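Note that the structure is a prediction, hence the values are computed from the model and not measured. Order of the sequence lines sets the chain letters (A, B, ...), proteins ahead of strands, with each chain counted from 1.
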Number of protein chains: 2
Amino acid sequence: MLETEIHRPVETFFHSRFFRGISADELQPLANICKRKQVPAGTCLVRQHSPASQVYSVISGALMLERSSRNGKRQVIGFSFPGDLIGITSNQEFEYSVIALKESHLQVFPHREFLDIIDNNSNFKSRVRVTGCNILAHTLDQLFALGQKKAHERLCFLLQQISLRQPGSNPDVIDLIMNRQDIADYLGLTIETVSRAFTKLKNSNIIHIESAHKVRVIDRLILEELASAH
Amino acid sequence: MLETEIHRPVETFFHSRFFRGISADELQPLANICKRKQVPAGTCLVRQHSPASQVYSVISGALMLERSSRNGKRQVIGFSFPGDLIGITSNQEFEYSVIALKESHLQVFPHREFLDIIDNNSNFKSRVRVTGCNILAHTLDQLFALGQKKAHERLCFLLQQISLRQPGSNPDVIDLIMNRQDIADYLGLTIETVSRAFTKLKNSNIIHIESAHKVRVIDRLILEELASAH
DNA sequence: CGCACGATTGACGGAGCTCAAGCCGCGTGG
DNA sequence: CCACGCGGCTTGAGCTCCGTCAATCGTGCG
């Protein structure tokens, strides 16, 4: 894991959707406090209950947010893709661990300074609020899925999520960066049930499984119908 | 449902924990835009997908937040008690419906003006952020319960939640303001399973059921152990 | 007192969990 | 280049917990 100072033009590093359309002048204060970090696949970027002293912006790669309990149970909270922010919280501690699923590049900001700069710029301010609301909205969707849906419907929910949020232009080819255990812990199921749900969707001609980690959407309408929370 | 202007001293209405310790001078701008609302038990205060144009502060009573899908499934998101804020979002629409479980009194603020005032006062600003984070933290706890816990453990989670958040000084006597269907939809179970979970906890001498809506905690340590997400 | 509705209990079936075996893709080494 | 082994995924068999359906209980209210 290496952290380096930025010595290049500001705009180069702020391609995240969070910063889109904000002028270089406004970005400069953030650039001044920004470092970069590169983490290999499998590393733990943030440990649950550690002090929330950094804010991260994902530049490339993919990460997983998770919570674990003492008795070994784990709930995967979500996945972070390029453009996502991690660690915008007002609590003292991180609510979850963050683990890199692939090698990932991130921007790192000191938490306190980040919020100070955000607070003094109304463009940023509203974006941070929207980001927070989006996170909550996603968590509520997931809650609905876990509380009210069957195994194969939950899987549709996950596929839909990834399909819409993964980088790249073709949402019909889904790149499953996580393994089956991660999916199971995200959906509140076991790996066996996840596997059976995959074959069920395959046999219903809703998806085509090109490999264990690559899925093609055949019938998007039905996928959405099964995934939807409304 | 009646809405009235405030003509009494400011402090009278701002006893919510959200406003605690903030001076009358600072509260005045909020008082100026504040109306009151009283809703009888069973009323729908906010309808899912309606424009998020109000912020509410609960003065007395109890409310339930829920999401419904077209096919009739419902997920209860949480419960609001005196001192809670409802509707702090940056989205255009409410993410959920809000229904009064008892007759409830609320303060009502226009959304836009509320946020403007909040943004110009650093005391408020940090409190709003903390409130948002607490809501997310609670939702994550619930997510963990639905994903990883068995029926009777989920029930312990709910009892623990209410016990800690309900008004009144004695956390060992739990007032179940909601009915069994509400509990079931909160925990992702059916009413029958909820009922069986109650008798299971009763037979294990963890709780005593005084009536269908009043429960006494016998063994708080075990209750916490079963409820905990860590 | 009797009705009505909500809560509880019982019997049964099924979705998903557990345990175990088999399969597949991939990397390593002969 | 192929044999082998390993780890992750899939499939199968049996069991368990929870959902479903139905009957009963209990409490509050007209």
Respond yes when some side-chain nitrogen or oxygen of B:T199 is under 4.0 Å from OP1 or OP2 of C:dT8, and no when none is.
no
In whole angstrom, give the distance that lies between atom CE of A:M178 and atom P of D:dC9.
11 Å
Could you check whether A:L189 gets within reach of a base, just the sugar-phosphate, or nothing at all, counting any heavy atom under 4.0 Å?
sugar-phosphate
May I have the distance from A:I183 (atom CD1) to D:dG8 (atom P), rounded to whole angstrom?
14 Å
Nearest-Å distance for atom pair NZ/P, residues B:K214 and C:dG6:
21 Å
May I ask you to check if A:R74 and A:Y186 form a cation-pi contact, with NZ or CZ under 6.0 angstrom from the six-membered ring centre and within 45° of the axis?
no
Using whole Å, what does the distance between atom P of nucleotide C:dC17 and atom CG of A:L187 come to?
10 Å
For atom CD of A:E192 and atom P of D:dA13, their distance in whole Å
15 Å
Do NZ/NE/NH1/NH2 and the carboxylate oxygens of B:R220 and B:D172 come within less than 4.0 Å?
yes
Under 4.0 angstrom between B:T193 side-chain N/O and D:dC18 OP1 or OP2:
no
Using a distance-only criterion (donor-acceptor N/O pair, under 3.5 Å, no hydrogens), is the base of D:dG12 paired with the side chain of A:R196?
yes
Which residue is it: B:I191, B:V76, B:V194, B:T190? I am looking for the one with a side-chain contact (heavy atoms from CB on, under 4.5 Å) to B:Q181.
B:I191
Take atom CG of A:L221 as the centre, draw a 6.0 Å sphere, and report whether it contains more than 12 heavy atoms from other residues, nucleotides or ligands.
no
Can you tell which of C:dT9, C:dG16, D:dT10 lies closest to the side chain of A:R180?
D:dT10
I want to check one thing: is the phosphate of C:dC17, taken as OP1 and OP2, less than 4.0 Å away from some side-chain N or O of A:T190?
yes
Measure the distance from NE2 on A:H213 to C1' on D:dT10 and round it to the nearest whole Å.
13 Å
Could you check how far CZ of A:F198 sits from P of D:dC9, rounded to whole Å?
10 Å
Whole Å only: how far is the CD atom of B:Q181 from the P atom of C:dC5?
16 Å
Are B:D185 and B:R67 ion-paired here, with the side-chain N under 4.0 Å from a carboxylate O?
no
